[in-house]
Amino acid sequence: MMTKPLRIALTKGRLEKDTVTLLERVGLDCQNLHHKGRRLILPLPQAGAEVVLAKAADVITYVESGVCDIGIVGKDTIQEYASSLYELLDLGFGRCRFALAVKQGSHFFEGYAPKTIATKYPKIARSYFEKQRMDVSVVKIEGSVELAPLLGLADGIVDIVETGATLRENGLEVSRWICDISARLVVNVASLKLRKFEIESFVTRLERGLNREL
Ligand code: PRP
């Protein structure tokens, strides 16, 4: 009997290349991922799997709903959007950090005037300021968040910093580091019960690849 392929949701863009490198390191033929054209469902026959390319937040939706068994997605997206999935593996790539950033020379934590924060990650921003016992307004921005303090919409941003170039080139600086981020392998709760053997052997295979030098 043909079993249906394990479905792996992979975050499009930044995490794609490192994921393909890892899959190839563990001996999987990734031709379909190299020559994908505009296709969004790509068979990975040697793993009895198929890869679905999706935006980060959608990876969480697909895995939590069970239409995908496994997801590869940043810890940032997990913290912001996930509620019920298993996080099985830190893949170690896609490393960056969350930071509170402000205009160079400005002192976010001084004074009593109410503060506004712009971010793509309102949940993470709120939770950070709750821990600081600070009452701030949070404005959700969809991209290029660095613009918000420059335009005068916000006093600071909570965003991802990778190289720091975007902050530097826009006259902003880190005020506080919040936490580290990297790519994670996540699994649907029911899939881990129903397809335990397949999922565990796939995860173990990747884990071995991670322990080998690049
Ligand atoms: C991310 C992040 C920063 C930038 C940080 O944005 O939101 O803007 O990368 O990288 P750096 O420290 O290496 O400069 P992304 O490129 O995903 O685009 P977006 O802002 O439009 O979401």
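As the structure is a computational prediction, the values presented were derived from the model and not from experiment. Indexing begins at 1, ligand by ligand and atom by atom, following the structure's order.
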Answer yes or no: are there more than 12 heavy-atom neighbours, outside [X] itself, under 6.0 Å from its atom [atom1]?
X    : atom1 : answer
R208 : CZ    : no
K140 : NZ    : yes
K123 : NZ    : yes

Look at [atom] and say which protein heavy atom is nearest, naming residue and atom and giving the distance to 0.1 Å.
atom                    : answer
atom 20 (O) of ligand 1 : S144 N, 2.9 Å
atom 7 (O) of ligand 1  : D159 OD2, 2.7 Å
atom 8 (O) of ligand 1  : E146 OE2, 2.6 Å
atom 4 (C) of ligand 1  : T166 OG1, 3.7 Å
atom 6 (O) of ligand 1  : K120 NZ, 3.8 Å
atom 1 (C) of ligand 1  : R14 NH2, 3.8 Å

Under 4.0 Å between a Lys/Arg side-chain N and an Asp/Glu carboxylate O for [X] and [Y]?
X   : Y    : result
E87 : R184 : yes
R97 : E162 : no
K36 : E16  : yes

Inset, instruction - Classify the contact between T163 and ligand 1 as side chain, backbone, both or neither, using a heavy-atom distance cut-off of under 4.0 Å. - result: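 Contact part for T163 vs ligand 1: both backbone and side chain.
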
Inset, instruction - Using distance alone, decide if ligand 1 has a nitrogen or oxygen within less than 3.5 Å of any nitrogen or oxygen in G164. - result: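 Yes; at least one N/O pair falls below 3.5 Å.
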
Legend entry - Backbone or side-chain N or O of E142 under 3.5 Å from ligand 1 N or O: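 Looking only at distances, the answer is no, because the N/O contact criterion of under 3.5 Å is not met.
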
Legend entry - Pair L185-V203, side-chain contact (heavy atoms from CB on, under 4.5 Å): steps then yes or no: CA-CA 8 Å; L185 184 142; V203 170; 3.8 Å; yes

Inset, instruction - Heavy-atom contacts with V161 under 4.0 Å: which atoms of ligand 1 show up? List them by number with element. - result: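 Under 4.0 Å from V161, ligand 1 has these atoms: 12 (O).
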
Legend entry - Proximal candidate to atom 5 (C) of ligand 1 [heavy atom criterion; set V174, I141, I160]: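 Comparing heavy atoms across V174, I141, I160, the nearest one to atom 5 (C) of ligand 1 lies in I160.
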
Inset, instruction - Starting from the C-alpha separation in whole Å, work towards a yes-or-no answer on ring pair (Phe, Tyr, Trp, His ring centres under 6.0 Å) for F98 and Y128. - result: CA-CA 10 Å; F98 262 119; Y128 172 72; 9.8 Å; no

